[in-house]
Participant: 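Below: one structure in structure tokens.
Naming: A, B, ... by sequence-line order, numbering from 1 per chain. Basis for what follows: all heavy atoms, side chains included, without hydrogens, waters or symmetry-related copies.
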Amino acid sequence: MITDWAEWLGNSALSNYIQEDPTAFPILEVLHVVAIALVVGSIFIVDLRLLNLCSKTYRVSRLLKAVLPMTGIAFTFAVITGFLMFASQPVRYLHTTPFLLKMGLLVLAGANMLLFHAWTHRGITKWDDGDAIPRAARVAGLVSLILWVAILFAGRFVGFLLAF
Amino acid sequence: MSLSNFASWLDATPLSTSLKDNFWAVPTLQSIHILAVCLVFTSAVVVSLRVWNLMGTDWNPHLWARRLYPPQWWALLVLLITGLLQVLAEPTRELPNPAFQIKMVGVIVAVVLAQWMTRQFYRGPEDVAARASVRLTSILLGVLWLGIIFAGRWIAYV
């Protein structure tokens, strides 16, 4: 089913345009890198705070409010530009292992974030300004840090392998 | 020795050959390079947004600069090392490339501006962020890094 959809997408006018315009794909790549830089950079600020390594005098809840809107906007741009790059040759992407790995890691990063917000984040008022960040929050920060580094590597390998 | 001769000479050095022989070397270097770009670009954008009172107002701009600038300078060092190794791996593709050359000029200007910004926040009075020069340079620096990212990705297409 997903293969049918990929084939349909690959034959669409959108796909043809991205394939044929020589500047379309490189521009999408640049915008994707810029968006990712802000996604990963802003998430690192939060993760390192959760690990109690940096920004210790910034209340965790306030830091989340300050940084996460930027993460959200940048992530939306990353998804749009990522989808358009995928649309250029969807069947090939689906047959590229690092791409599948990246999608799997993104799902894990999303689950880690949802878990943090639905569960750990609830009692945040108790540990908001102190050093005693609960283990669950520290783990969420560490897992997020590792996953986003892995997502970034996987993403570059997708581009590298598809260039051949 | 012309630039293309130098690139060819570099291309034949044992280190360049070993980087080329190792299939994963270049994409691994590129990934580390992009990871460092995340730190540098985010630092520039966050400090600029803070200077313009658009985010993170629980901290004054000095605290933000002192939080983000030290890792930014380490990231710039990582960018230099991984960048040099990428040039070494593919000198004939990089050195004569106009996108690469434009990028290098941009990097020099950006590092000078970043150094100036760092100096303002470390030595200046607490209200340094209210100065027009600091506020405008923060935007200029963000736009410059944007252009540098653009030129860097364009190396692959020129």
Participant: Counting heavy-atom pairs under 4.5 Å with chain A, which one of B/V26, B/I34, B/L39 comes out on top?
Facilitator: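 The answer is B/I34.
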Participant: Look at atom NE2 of A/H95 and say whether more than 12 heavy atoms of other residues, nucleotides or ligands are closer to it than 6.0 Å.
Facilitator: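 Not buried by this count: 12 neighbours or fewer within 6.0 Å.
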Participant: What pair of heavy atoms forms the shortest contact from B/P27 to A/R156, and how long is it?
Facilitator: O-CG, 3.8 Å
Participant: Angle class for the A/Y58/B/W59 ring planes (parallel below 30°, perpendicular above 60°, tilted otherwise)?
Facilitator: perpendicular
Participant: Between A/V40 and A/L142, is there shared hydrophobic-cluster membership here, with clusters defined by ILVMFWY side-chain heavy atoms closer than 4.5 Å?
Facilitator: yes
Participant: Could you walk me through whether A/F157 and B/S31 pass side chain to side chain contact (heavy atoms under 4.5 Å, CB included), step by step?
Facilitator: CA-CA 8 Å; A/F157 276 83; B/S31 300; 4.0 Å; yes
Participant: Could you tell me which non-hydrogen atom of A/S55 sits nearest to which non-hydrogen atom of B/R67, and how far apart they are?
Facilitator: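 Scanning both residues, the minimum pair turns out to be OG-NE, 2.9 Å.
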Participant: Just checking A/W119: does its CH2 atom have more than 12 heavy atoms from other residues, nucleotides or ligands closer to it than 6.0 angstrom?
Facilitator: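 Not buried by this count: 12 neighbours or fewer within 6.0 Å.
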Participant: Name the region of B/W64, side chain, backbone, both or neither, that has any atom closer than 4.5 Å to a heavy atom of chain A.
Facilitator: side chain
Participant: Over all heavy atoms of both residues, which pair between A/L38 and B/T42 is shortest? Give the atoms and the distance, please.
Facilitator: CA-OG1, 3.7 Å
Participant: Following the transitive rule for hydrophobic clusters with a side-chain heavy-atom cut-off under 4.5 Å over Ile, Leu, Val, Met, Phe, Trp and Tyr, establish whether A/F75 and A/I80 coincide in one cluster.
Facilitator: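 Hydrophobic grouping puts A/F75 with A/I80.
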Participant: Are there over 12 heavy-atom neighbours, none belonging to B/Y69, within less than 6.0 Å of that residue's OH?
Facilitator: yes
Participant: Return the option, out of A/V33, A/T57, A/I36, with the maximum number of heavy-atom pairs under 4.5 Å with chain B.
Facilitator: A/T57
Participant: Enter the distance from B/Y157:OH to A/I27:CD1 here, rounded to the nearest 0.5 Å.
Facilitator: 11.0 Å
Participant: Side chain to side chain contact (heavy atoms under 4.5 Å, CB included) for B/L68 and A/I45? Distances and angles first, verdict last.
Facilitator: CA-CA 9 Å; B/L68 296 174; A/I45 293 174; 4.0 Å; yes
Participant: Is there a path of hydrophobic side-chain contacts, each under 4.5 Å between heavy atoms of I, L, V, M, F, W or Y residues, that connects B/L76 with B/W116?
Facilitator: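 Same hydrophobic cluster.
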Participant: Go through it in stages, so that I can follow the logic: the residues are A/F153 and B/I32, the test is side chain to side chain contact (heavy atoms under 4.5 Å, CB included), and I'd like the CA-CA distance, side-chain angles, deciding distance and then a yes or no.
Facilitator: CA-CA 8 Å; A/F153 271 73; B/I32 299 168; 3.8 Å; yes
Participant: For B/W52, look at atom CH2 and say whether over 12 heavy atoms of other residues, nucleotides or ligands are found less than 6.0 Å away.
Facilitator: yes
Participant: Measure distances from A/V67 to the heavy atoms of chain B and classify the residue's part below 4.5 Å as side chain, backbone, both or neither.
Facilitator: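 Both backbone and side chain.
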Participant: Is B/L77 atom CG crowded by more than 12 heavy atoms from other residues, nucleotides or ligands, each under 6.0 Å away?
Facilitator: yes
Participant: Determine whether A/V107 and A/F116 fall in the same hydrophobic cluster, where Ile, Leu, Val, Met, Phe, Trp and Tyr are linked whenever their side-chain heavy atoms lie under 4.5 Å apart.
Facilitator: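 Per the 4.5 Å side-chain linkage, A/V107 and A/F116 are not co-clustered.
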Participant: Counting only non-hydrogen atoms closer than 4.5 Å, does A/I43 touch chain B with its backbone (N, CA, C, O), its side chain (CB onward), both, or neither?
Facilitator: neither
Participant: Would one find more than 12 heavy atoms of other residues, nucleotides or ligands at under 6.0 Å from atom CZ of A/R138?
Facilitator: yes
Participant: What part of A/L161 gets closer than 4.5 Å to chain B, counting heavy atoms only: side chain, backbone, both or neither?
Facilitator: side chain
Participant: Return the option, out of B/V37, B/L146, B/L63, B/T28, with the maximum number of heavy-atom pairs under 4.5 Å with chain A.
Facilitator: B/T28
Participant: In terms of heavy-atom pairs under 4.5 Å, which option from B/T57, B/V46, B/L35 contacts chain A the most?
Facilitator: B/L35
